[in-house]
There are 2 protein chains.
Amino acid sequence: MRDVAALAGVSVKTVSRVVNDEPGVSADVRERVEAAVARLDYRPNLAASNLRRTGARTGLVGALVQDLSNSFSAGLLRALEDSARQHGTAVLAASLDEGADREQELVHDLVSRRVDGLVIMPATARQDYLIAELRTGTPAVFVDRPPRGIDVDSVVVDNVGGARTATEHLLAQGHRRIAALSDTRTIHTASTRLVGFAEAYAARGLEPDPRLVVPDLRSSEEATRAMHALLELDDPPTAVFTARNILSSGVVRALAERGLRRQVALVGFDDFPMADLLDPPLTVMRQDVGRVGRAVAHMLFERIGGDTSAPRHVVLEPSLVVRGSGEIPLPGR
Amino acid sequence: MRDVAALAGVSVKTVSRVVNDEPGVSADVRERVEAAVARLDYRPNLAASNLRRTGARTGLVGALVQDLSNSFSAGLLRALEDSARQHGTAVLAASLDEGADREQELVHDLVSRRVDGLVIMPATARQDYLIAELRTGTPAVFVDRPPRGIDVDSVVVDNVGGARTATEHLLAQGHRRIAALSDTRTIHTASTRLVGFAEAYAARGLEPDPRLVVPDLRSSEEATRAMHALLELDDPPTAVFTARNILSSGVVRALAERGLRRQVALVGFDDFPMADLLDPPLTVMRQDVGRVGRAVAHMLFERIGGDTSAPRHVVLEPSLVVRGSGEIPLPGR
DNA sequence: CCGCGTCGTGACAACGTTGTCAGGGACATG
DNA sequence: CATGTCCCTGACAACGTTGTCACGACGCGG
């Protein structure tokens, strides 16, 4: 900046004025400065600028998601990115892989970087630690999982209702032995979806067979193994409810390996690309990631804009997408 | 920081020493400062710190990919993120959507933010504009598509060879009427893969039917429409080569709509999750995104570390993953 | 011709941090 | 006891920028 000023024969302050399009600079000077800027490839230092400007924004938001390469996280991030762009803001993205420690480290790091806001798909059981982190005034919005131990904005889908709908869909077709495969129970969405599963049975005065409920599956491979085990029971399930997209794929794989894809009904939570191209096409409870992402971005940027009203909790309804796999009838009917 | 110093009864410099774990602070003082830091929730201001430290890193790299929500971009980003974490670096991610203007804007923005390095999946035809941008010393690594008009590091897969292998795989089974569906020709990978397609024919002294070569398809839906049109020809293709994962899904959809999934052979470029669960499972040329991402990260961090040797261009070989869709025989054989 | 407002410009301080250097005390050495 | 060395600590300047204020030139009305 000093060099530019020297080359244009003006003071640094005047360069600053030109660069920031401030009024009160004669056309002649403005032109000289612009020429100097161009000639020297001058780039304003955003860090220094932010340092000086009182309470200026960094134009950065942090997004902590489960796994960038999972279609749910990736879709969410994409929607967030699109909204952020409209606010001249860039997105710092990181994967948590359900690591509670990583979540705390990353939040700490992002707050130190003075991000304008945080989007968190929490991996921790409780987020009390955030109280201290957010004291600086950084707003945060939770997504996919509600906050515990702290009251901040959140956008989640109705997991209980969604799981109930999915399960009821299978029950309505006569299935009574429905398996439920789910993620680690400490993950909120995993346990809530199992609640919905049980509720659907209860609504009909029935009870699920506890042997068919398999929680704590951490990968597609574990789901495949678990499904094989279930199919080897004396009284195997006639239908399956999977609580997450990677578990759905594991189950499809197990069914494929046994040639049972058209015999066992399946409804999965979470849609994913090409689910409609499977054979049979996969019936799913779809969360509209675009809508979730936009809702999150909307709330976040309102907060960044100065909204200090009470935290809001948005609950979106997932929708049943009927494609075929969930409509396989009970054998012998 | 001043407040911490006051509370601990020391100078700001001493606080700085404690915060940065510098030697030469008595245990007594260190303890007092740490207590004050904890009590006041003091966060060092990274921006100010970077400003003062001469030539310090921001611990930030920018990644400009085609589309965050596409499995190829997302997988790449994930691999980059994992490597970056080991270098204490966070990733700024953005989608280009093949927008040349967006690429230039974003590069400009990221350079102004003083990122330590850039990863670019270019959307522009030429990247001369980068010469000025990179004069500040920011290293860049290109991925998926080689640089034009500037010589910087790159990691690409052998697109010509991969397309040739895929096409030869179909030719070897007797197919002679193979359709080729591809992306916008200005995209390097799209045009190169068509070159490989033609080369495979040429190697056998044959020529592809130009009416079966359909470039400039920008979405899965366009691929579906194009495929329907091809199947309505008097002499329709007996096999298909698709140059990108979203085009593969479009073709599968068209085939499914006509009940031809087991009649028309298909080999796609780019693997994607659950390609093995389609019926028939999809035969693809797989690019190992993890390896690509790690190679990119490796080169980038060597540059950031001060490596000033001549730009390197890494070419990785994709591999044919035989699953079934590519092995459908020619009708009547 | 004087006083006053307006306009363009620059000097200076400050944002939060750290590199440099100097000062003062404790201790060892001659 | 004088001198030197080491250790701990703090004052100060500087990183690149912008907010504040003041200054001089100019034009206008009285």
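The chains referred to below are lettered A, B, ... by the order of the sequence lines, with proteins before strands, and numbering in each begins at 1.
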Roughly, in whole Å, what's the span from [atom1] in [X] to [atom2] in [N]?
{"X": "B:Leu51", "N": "D:dA14", "atom1": "CG", "atom2": "P", "answer": "14 Å"}
{"X": "B:Asn45", "N": "C:dC15", "atom1": "CG", "atom2": "C1'", "answer": "9 Å"}
{"X": "B:Asp3", "N": "C:dC15", "atom1": "CG", "atom2": "C1'", "answer": "14 Å"}
{"X": "A:Arg113", "N": "C:dG16", "atom1": "CZ", "atom2": "P", "answer": "19 Å"}
{"X": "B:Arg57", "N": "D:dC15", "atom1": "CZ", "atom2": "P", "answer": "21 Å"}
{"X": "B:Lys13", "N": "D:dA11", "atom1": "NZ", "atom2": "C1'", "answer": "11 Å"}
{"X": "A:Arg2", "N": "D:dT17", "atom1": "CZ", "atom2": "P", "answer": "10 Å"}

Does a donor on one side chain sit under 3.5 Å from an acceptor on the other, for A:Gln287 and A:Asp270?
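Distance-only check passes for A:Gln287 and A:Asp270.
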Under 3.5 Å, is there a donor on one side chain and an acceptor on the other for B:Asn50 and B:Thr58?
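Looking only at side-chain atoms, B:Thr58 and B:Asn50 do not form any donor-acceptor pair under 3.5 Å.
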Between C:dG19, C:dC15, C:dT17, which nucleotide gets closest to the side-chain atoms of B:Glu22?
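It is C:dG19.
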Answer yes or no: does a side-chain N or O of [X] lie under 4.0 Å from OP1 or OP2 of [N]?
{"X": "A:Ser26", "N": "C:dT9", "result": "yes"}
{"X": "B:Asn20", "N": "C:dT18", "result": "yes"}
{"X": "B:Arg53", "N": "C:dT18", "result": "yes"}
{"X": "A:Ser49", "N": "D:dT18", "result": "yes"}
{"X": "B:Ser16", "N": "C:dT18", "result": "yes"}
{"X": "B:Thr14", "N": "D:dG10", "result": "yes"}

With no hydrogens and no angle check, is any side-chain donor or acceptor of B:Arg85 less than 3.5 Å from a backbone partner on A:Ala94?
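Checked: no pair found.
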When you match A:Val19 and B:Val10 each to their closest nucleotide on DNA chain D, which lands nearer the 5' end?
B:Val10
No-H, no-angle donor-acceptor pair, A:Arg17 side chain to C:dG10 base, under 3.5 Å:
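Answer is yes: a donor-acceptor pair is held.
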